[in-house]
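In what follows, every chain begins at residue 1, and chains take the letters A, B, ... in the order their sequences are listed. Because the structure is predicted, anything quoted here is derived from the model rather than measured.
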Amino acid sequence: MLHYLIERRLQETVTAVCPSADTSQILVRPCVNSQFGDYQSNALMGLAKQKKMNPRRLAESVKERLDVGDYCEAVEIAGAGFLNFRLKNSAVVEVLKGACRGEHLFLQKSGKPRTIVIDFSSPNVAKPMHVGHIRSTILGDCLARTFRFMGHRVITDNHLGDWGTQFGKLLVGWRRHLDPAALAADPIGEMERLYRLVNEACDSEAEVLESARQELVKLQKGDPDNLAIWQKMIALSREQFDAIYGRLGVQFDFCLGESYYNPRLKSVVDQLVEAGMARESEGAMVVFFEDISELKAHPAIILKSDGAANYTTTDLATLLYRVETWRPDEIIYVTDARQQLHFKQVFTIFRRWQPQARPRLAHVWFGTILGEDGKPFKTRSGAIIKLADLLDEAEERAYQVVTAKNPELDEERRREIARIVGIGAIKYADLLPNRQSDYVFSWDKMLALNGNTAPYLLYAYTRIRSIFRRLSESSEAVYQLAEAADRPWSLTVVEEVVLAKHLLNLGLVLEAVSEEYRPNYLCNYLYELAGHFARFYETCPVLKAGGDERFQRLALCDLTSQVLQMGLGILGIETTDQM
RNA sequence: GCGCUCGUAGCUCAGUUGGAUAGAGCAGCGGAUUUCUAAUCCGCGGGUCGCAGGUUCAAGUCCUGCCGAGCGUGCCA
């Protein structure tokens, strides 16, 4: 929190010294090495270069006029022109006391709330959700929580795959081979079976293929029977999707599938043709990008030679709808890396088609989940892993661990802990790596109790809760967080200071997460926080301390647990008081 | 062929405007416990950041070339 104030003062001072400087580049960051101080600014070296000034001399003149004495010890110039800031303990204590009084939790909400649409998850009707959907779902949900927490208006929209040629085959299967009992027991399993059955038959029997084509045409023309079956398939699929979203704690404001945009597709094609952006080529309507080297070799088809639109057209119609309906400042698509070319095409077409449209368009892409063999994650027999099975296994494995560690808890309690730990471990393992890299899925690593894992963070939280449980059981249960603000603080032990200062950086980290769409920054911040807490916990007795020191340490524990719980909450991970 | 992304410790991965001595965890070795939950903490060893050039006061980070991997590349999404 103090970093904002230092940064603002520094920017003001730089403006005074060098009025033409771009202060948005004048940033203050945590020191890479604590021996230099708490925060540093490297920006003066860049500015000096830009303005052809001597960097040391610029740093000197800025330092002379810079007044941060209420927050910092003397500012130091180091090396080629680094500015180093070391916080005053009194300033750190004041911020902590503000948090004790409930004035803030180490961050400021955005002064300029934006409307942000996030498109994520997007499973296909009549197919099970599988590992391929978890990154989009977990990452998208986490970004939605982050932006909401920062004070923005967020609209989440699940763009279901509820339309397409597969429904011809599904309709044939439904009409000829449906097993109602199987459908009742496991709707998606049965629909998947029907699809496979017909799909295979299509390869060998021309009649089946022809029937599928006819059923699809009937559906597209609005045949009531086929429409009813199609709607039934969607409803059944959504029930199963919702069960999984329920387990993951993921919610959507809207669930407007591809079919929702069917009535709008023709208009999109017509407009692009009228605007001269699309033309006929090899029987299809195509947009070319002659002037963009990256896309020159990759024209986009917006109308197939059979007269049907494809996903580029649907995405354009969807984009226009969102812009017109919600007037967002930003639209974020969370999909895997393989769709990069597609979104470059869609965004490029949209910019040309709707040059006045203002939203920032972001494709937030992520890498593949690999098995231990380095190939895309599958079962041993090579089958796709269903998300429901994956969650079951996570909970079961976590249950085994909890039972081994804490057999005296009753079973219901152990199941509840296992649910939180298991689901949390899956989510954390997914959010921890840089989203752009592929990562290797490992049960042992994500459920490990040491290292950068959900169980480690959750354990840190339970240790704090345990202190407060002891406190409430004791006769000295006189602690109130707000009261800690009225007592003198000393912060004499280095572990206390390090923990306290780390708490202050939460806002900085959340800003980085939202600017770059990278929750792994928050994961690492929380891991470091848990580590600082563990060292504090080892060296600083809390309940055994007395007087003001006891109050101060209880408050540090309290605030740390709040930040842990809130941070994990932003990652979509629940906490538990016991493990 | 072209395009995108990547190549960091034995393994799995971090690495915020280019910034100070490149960091974690695991694995290995050695310590700490009559515990506020040791599901923890501390210490040690381990690196030519794929290779070669270039830009810069400063490059894991930016540019060029090469080697290697994954993905994409006109009628799936």
Side chain to side chain contact (heavy atoms under 4.5 Å, CB included) partner of A/L139, the single match among A/W365, A/F366, A/F120 | A/F366

By the 4.0 Å heavy-atom rule, please label [X] as base, sugar-phosphate, or nothing.
X	answer
A/N452	nothing
A/N450	sugar-phosphate
A/Y537	base
A/Y527	sugar-phosphate
A/A512	base
A/V542	base
A/S437	sugar-phosphate
A/E282	base
A/E294	sugar-phosphate
A/Q578	base

When you match A/N42 and A/G161 each to their closest nucleotide on RNA chain B, which lands nearer the 5' end?
-> A/N42

Side-chain N,O (A/R518) to OP1/OP2 (B/rG15) below 4.0 Å = yes

Aro-ring/base stack A/Y521-B/rU16, d under 5.5 Å, angle under 30° | yes

Nearest-Å distance for atom pair [atom1]/[atom2], residues [X] and [N]:
X	N	atom1	atom2	answer
A/I292	B/rC2	CD1	C1'	16 Å
A/L409	B/rA39	CG	P	13 Å
A/F82	B/rC57	CZ	P	15 Å
A/Y439	B/rA14	OH	C1'	16 Å

Given Watson-Crick or G-U pairs with both distances under 3.5 Å, what dot-bracket string fits RNA chain B, with | for other-strand pairs and [ ] for crossing?
-> (((((((..((((.....[...)))).(((((.......))))).....(((((..]....))))))))))))....

